[in-house]
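Remarks on the structure that follows.
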Amino acid sequence: MPKLTIDGIEVEVPPGTTVLQACQRAGVEVPHFCYHERLQIAGNCRMCLVEQEKAPKPIASCAMPAADNMVIHTDSEKAKKARKGVMEFLLINHPLDCPICDQGGECDLQDQAMAYGFDRGRFEENKRAVKDKDFGPLVKTSMNRCIHCTRCVRFATEIAGVEELGATGRGESMEIGTYVQKALTSELSGNIIDLCPVGALTSKPYAFVARPWELRKTESVDALDAVGSSIRVDARGAAVLRILPRLNEDVNEEWISDKTRFAVDGLGHRRLDRPYVRVGGKLAPASWGDAFNAIAEGFGKLPGGKIAALAGDLVDVEAMLALKELMLSLGSANIDCRQDGAKLDPASRASYLFNTTIAGIEEADVCLLIGTDPRWEAPLVNARLRKRYLRGGFKIAAIGPTLDLTFPVVQLGLGPEVLDDLAGANHSWGDVLKGAKKPMLILGMGALARADGAQILAAARRLAESTGMVRDDWNGFNVLHTAAARVGGLDIGFVPGPGGRDRDAILAGCESGEIGAVYLLGADEIDMSRLGRAFVVYQGHHGDAGAKRADVVLPGAAYTEKDGLYVNTEGRVQAARRAGFPPGEAREDWAILRALSDVLGHKLPYDSLRELRQRLMSAYPSFAEIDGIVAASWGAFGVEGAMEPVPFIYPIADFYLTDPISRASPTMAQCSAVYWAARNTPAKTGTNG
């Protein structure tokens, strides 16, 4: 291992380490703009110049490999003069518009100009002007500020896998942009805003909204998909203004999807801020007491077997536990958290988890996708698959309709008949799986949310066992969820009890009249027309499909407005924290259920969130392990039987409009019109006249 001396400190580093990385290991700060640890080295900015003894001139530390007996000086007069010269050149054409720049206050160029720059500029010519580019509805450009670090270009090419950004021209004529005028089509495009070290790329929806020092910052987790990305929620007063990623190497690294980042404006639109009761066929504002009395009247005449409850995709675990206990006290076993009808087996925890873990994808050498389109169901899982693919030695195949991913995929077929052939050793790709050291499969809701989902689950289990995916040191069986609430609901048993009905049976019972009342806890994705004449209570935070059908509406809190636990697709328990308060008379979901239980005469045994969590963790010890993963034991699951030879259908109809929050977001509506509509519109063909 190379040993070198940095500012008098002897450092030993692994082979392949650069001088800049060695300086960071030694705790020595070296300024830089173009270098980023997750991107390939470009060496564009030259801000990281340091002095190396016996070298004729300063070296770019980001691109110079560390070698034995190197002596590096980062604070010598030669190094300081080099940095001041570089900074002076960078500022030659940079506009003096810091007061109106959205990057002001969190700008690397500002910070490094103050710390390492010259105290005056000597350039007296006119500054160059560069036309702003249109990157679409999400990223705002001000290309006069660009310093050509190419971080955005490298991110789009390497991480996002969308080669749409590049540099044209040379010298002073160099410009960053799309080669043809078009919007960026990546679902991760917002991350280039964080990567940009100056104000050239900023958030278009957030433009001129707030300064960073005005914001209250809260660390939380995302609930708009099942990945559970670590985020920071920035709020001013009662309004959540932006969402940024937090570093979490095990889950999202330092990226988030565009929906996670930009659907934030949906929190301020179409909100439920007071209870409503349907009177004369129309919903009318009501007091909490009137709403609870209406529920008591609607539920009071019914036996427990005629009452049911469904939990939605954004619900926290505490609320589901409170609703489950309320339903049990009413004598009802008709509860389900699988509002898409997925045939998941709650009896075996390994059957519904991403057992490899998201970070574990990097250890796999073969991957089989079954009824899943990870690019839209879980963009950060797709980014991790691409990261593994770029390292080489990784084969990916898929069963389902043609995929448009950011890496090549071998399409094996459209439906479960291919899975049957693989499990029965009648397909060539079965040998590929058997020959792999660490094979994995990813089973999606496109395969499980079907009438034969339980049979497909059993076939996937047989395939995993027959190809050596499940061993003491490796579990390659994975289920990719699309709902943040799903794993937590399965963990606490928010599924039909003995003699209870699942989602399909509940809806069928509503149509036949066997179910007289349904409690929808944020459940908006079911077919509301199948609820028939049932008495419907909807508890949620947006006026979406459930609220339109409900007889009583109870206003709840969104995921940024409450403390709550979520379990991501890999079984990781994560804590979301309150960044603001719900609007008007809206309350936290568990508190609404606790108050309602008193009116119904079945008082729940807790008066605070702390007491509820104590009850949760005593009944389900895995919830005591926050941000950790408890490995699940393997066992038999699924139902053996014939599978319908019908092609899989991927569950995401529109990536930008998957939940009540994103459907209320003007930004997501614009993205849907710009990106998704164009993606699903066949290209017109013609001839040139």
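Just so you know, these numbers use all the heavy atoms, side chains as well, and skip hydrogens, waters and symmetry mates.
- Taking 4.5 Å as the limit, some side-chain heavy atom of Tyr559 sits within range of a side-chain heavy atom of Asp222.
- Considering all non-hydrogen atoms of both residues, Thr372 and Gly444 come closest at CB-CA, 3.6 Å.
- At a threshold of 4.5 Å between non-hydrogen side-chain atoms, the residues Met1 and Pro15 count as touching.
- Of all the heavy atoms in Ala579 and Val233, the pair that sits closest is CB-CG1, 3.5 Å.
- Heavy-atom contacts from other residues, nucleotides or ligands closer than 6.0 Å to CZ of Arg391 number more than 12.
- Remark: side-chain polar atoms of Gln112 are paired, donor with acceptor, to backbone N or O of His32 under 3.5 angstrom.
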Asn93 and Asn144: CA distance, side-chain angles, deciding distance, side chain to side chain contact (heavy atoms under 4.5 Å, CB included) verdict
CA-CA 8 Å; Asn93 283 308; Asn144 284 336; over 6 Å; no
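- Classification of Glu253 and Lys387 as a salt-bridged pair holds, one side-chain N sitting under 4.0 Å from a carboxylate O.
- In summary, the side chains of Glu570 and His481 do not present any donor paired with an acceptor at a separation below 3.5 Å, with no hydrogens or angles considered.
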Report the C-alpha separation of Gln411 and Leu403 in whole Å, then their side-chain angles, then the decisive distance to 0.1 Å, and conclude whether the side chain to side chain contact (heavy atoms under 4.5 Å, CB included) test is met.
CA-CA 8 Å; Gln411 298 285 159; Leu403 292 169; 3.7 Å; yes
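- Taking both residues in full, the closest heavy atoms of Phe394 and Ala364 are given as CD1-O, 3.6 Å, listed atom of the first, atom of the second, then distance.
- At least one side-chain heavy atom of Met87 sits less than 4.5 Å from a side-chain heavy atom of Leu109.
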Between Glu249 and Arg38, is a salt bridge (Lys or Arg N to Asp or Glu O under 4.0 Å) present by the stated rule, with each step listed?
CA-CA 12 Å; Glu249 296 287 358; Arg38 299 189 195 278; 2.6 Å; yes
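- Between the side chains of Gln103 and Thr202, no donor N or O sits under 3.5 Å from an acceptor N or O.
- Applying the 6.0 Å contact sphere to CZ of Phe123 captures more than 12 heavy atoms from other residues, nucleotides or ligands.
- Remark: Met114 CE to Cys107 SG distance equals 12.5 Å, nearest 0.5 Å.
- When only modelled atom types and interatomic distance are considered, Tyr35 and Gln21 share a side-chain donor-acceptor pair under 3.5 Å.
- Tested against Arg242 for a salt bridge (Lys or Arg N to Asp or Glu O under 4.0 Å), the candidates Asp194, Asp234, Asp102 yield a single pass: Asp234.
- Arg246 places a side-chain N or O within donor-acceptor distance of the main-chain N or O of Ile231, the cut-off being under 3.5 Å.
- Atom-to-atom distance recorded for Glu10:CD and Leu4:CG is 8.5 Å, nearest 0.5 angstrom.
- Here the side chain of Arg232 pairs no donor or acceptor atom with the backbone of Lys217 at under 3.5 angstrom.
- A donor-acceptor pair shorter than 3.5 Å can be found between the side chains of Ser257 and Thr260.
- Between Phe407 and Tyr389, the ring-plane angle classifies as tilted under the 30° and 60° cut-offs.
- Within the 4.5 Å cutoff, the side chain of Ile176 has heavy atoms near those of the Met143 side chain.
- The existence of a salt bridge linking Lys133 and Glu175 is confirmed by a sub-4.0 Å separation between a basic side-chain nitrogen and an acidic carboxylate oxygen.
- With hydrogens and angles ignored, the 3.5 Å screen pairs a side-chain donor or acceptor of Ser76 with a backbone N or O of Ala79.
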For side chain to side chain contact (heavy atoms under 4.5 Å, CB included), just list the numbers for Asp250 and Thr357, CA-CA rounded to whole Å, side-chain angles, deciding distance to a tenth of an Å, and then say yes or no.
CA-CA 8 Å; Asp250 294 329; Thr357 72; over 6 Å; no
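- The two atoms that bring Ala63 and Pro65 nearest to each other are O-CD, 3.4 Å, heavy atoms only.
- Between the side chains of Asp132 and Thr141, not a single donor N or O lies within less than 3.5 Å of an accepting N or O.
- Contact check for Leu224 versus Thr658: no side-chain heavy atoms found under the 4.5 Å cut-off.
- Here the side chains of Trp255 and Leu195 are in contact, with some heavy-atom distance below 4.5 Å.
- Salt bridge annotation for Arg578-Glu561: absent, with no cationic side-chain nitrogen under 4.0 angstrom from a carboxylate oxygen.
- Side-chain atoms of Ser61 come within 3.5 Å of backbone N or O of Cys48 as a donor-acceptor pair.
- Across all non-hydrogen atoms, the minimal contact from His541 to Ile661 is CE1-CG1, 3.8 Å.
- For Asp365 and Lys395, the salt-bridge test fails: no basic side-chain N is under 4.0 Å from an acidic carboxylate O.
- Closest non-hydrogen pair, Phe135 versus Leu165, comes out as CZ-CD2, 3.5 Å.
- Residues Lys140 and Ser203 have side chains that never bring a donor and an acceptor to within less than 3.5 angstrom of each other.
- Rounding to the nearest 0.5 Å gives a distance of 5.0 Å between CZ of Phe33 and CD1 of Ile147.
- Within the 3.5 Å criterion, the main-chain N or O of Tyr116 finds no donor-acceptor partner in the side chain of Lys84.
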Applying salt bridge (Lys or Arg N to Asp or Glu O under 4.0 Å) to Lys259 and Asp225, what does each step give before you reach the verdict?
CA-CA 9 Å; Lys259 183 166 58 178; Asp225 62 24; over 6 Å; no
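- Here OG of Ser230 is found 8.5 Å from CG of Leu247. Values are rounded to the nearest 0.5 Å.
- Heavy atoms from other residues, nucleotides or ligands lying under 6.0 Å from CZ of Arg577 number 12 at most.
- Using a 4.5 Å heavy-atom cutoff, the side chains of Thr5 and Ile72 are not in contact.
- Annotation: the span from Glu106 atom CD to Cys101 atom SG amounts to 9.5 Å, rounded to 0.5 Å.
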Where do Val50 and His73 land on the side chain to side chain contact (heavy atoms under 4.5 Å, CB included) test, with the steps shown first?
CA-CA 6 Å; Val50 297; His73 300 286; over 6 Å; no
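- Atom NZ of Lys127 has more than 12 neighbouring heavy atoms from other residues, nucleotides or ligands inside a 6.0 Å radius.
- Within a 6.0 Å sphere centred on CD of Glu163, heavy atoms belonging to other residues, nucleotides or ligands number 12 at most.
- For the pair Arg120 and Phe118, the distance from NZ or CZ to the six-membered ring centre is under 6.0 Å and the angle to the ring normal is within 45 degrees.
- Under a 3.5 Å cut-off, the side chain of Gln574 and the backbone N or O of Ser229 do not form any donor-acceptor pair.
- Glu214 contributes no side-chain N or O that, together with a main-chain N or O of Arg236, makes up a donor-acceptor pair within less than 3.5 Å.
- Of the residues listed (Tyr650, Trp376, Phe262), the one engaging Phe655 in a ring pair (Phe, Tyr, Trp, His ring centres under 6.0 Å) is Trp376, and it is the only one.
- Here Leu657 contributes atom CG and Ser662 contributes atom OG; the two are 5.5 Å apart, rounded to the nearest 0.5 Å.
- Side-chain contact, Glu377 with Thr482: no donor N or O sits under 3.5 Å from an acceptor N or O.
- Arg128 places no side-chain N or O within 3.5 Å of a backbone atom of His94 that could act as its donor or acceptor partner.
- Residues Met668 and Arg663 are not in side-chain contact: their nearest non-hydrogen atoms beyond the backbone lie 4.5 Å or more apart.
- A donor-acceptor pair is defined here as one N or O able to donate and one able to accept, closer than 3.5 Å; no such pair exists between the side chain of Arg572 and the backbone of Thr569.
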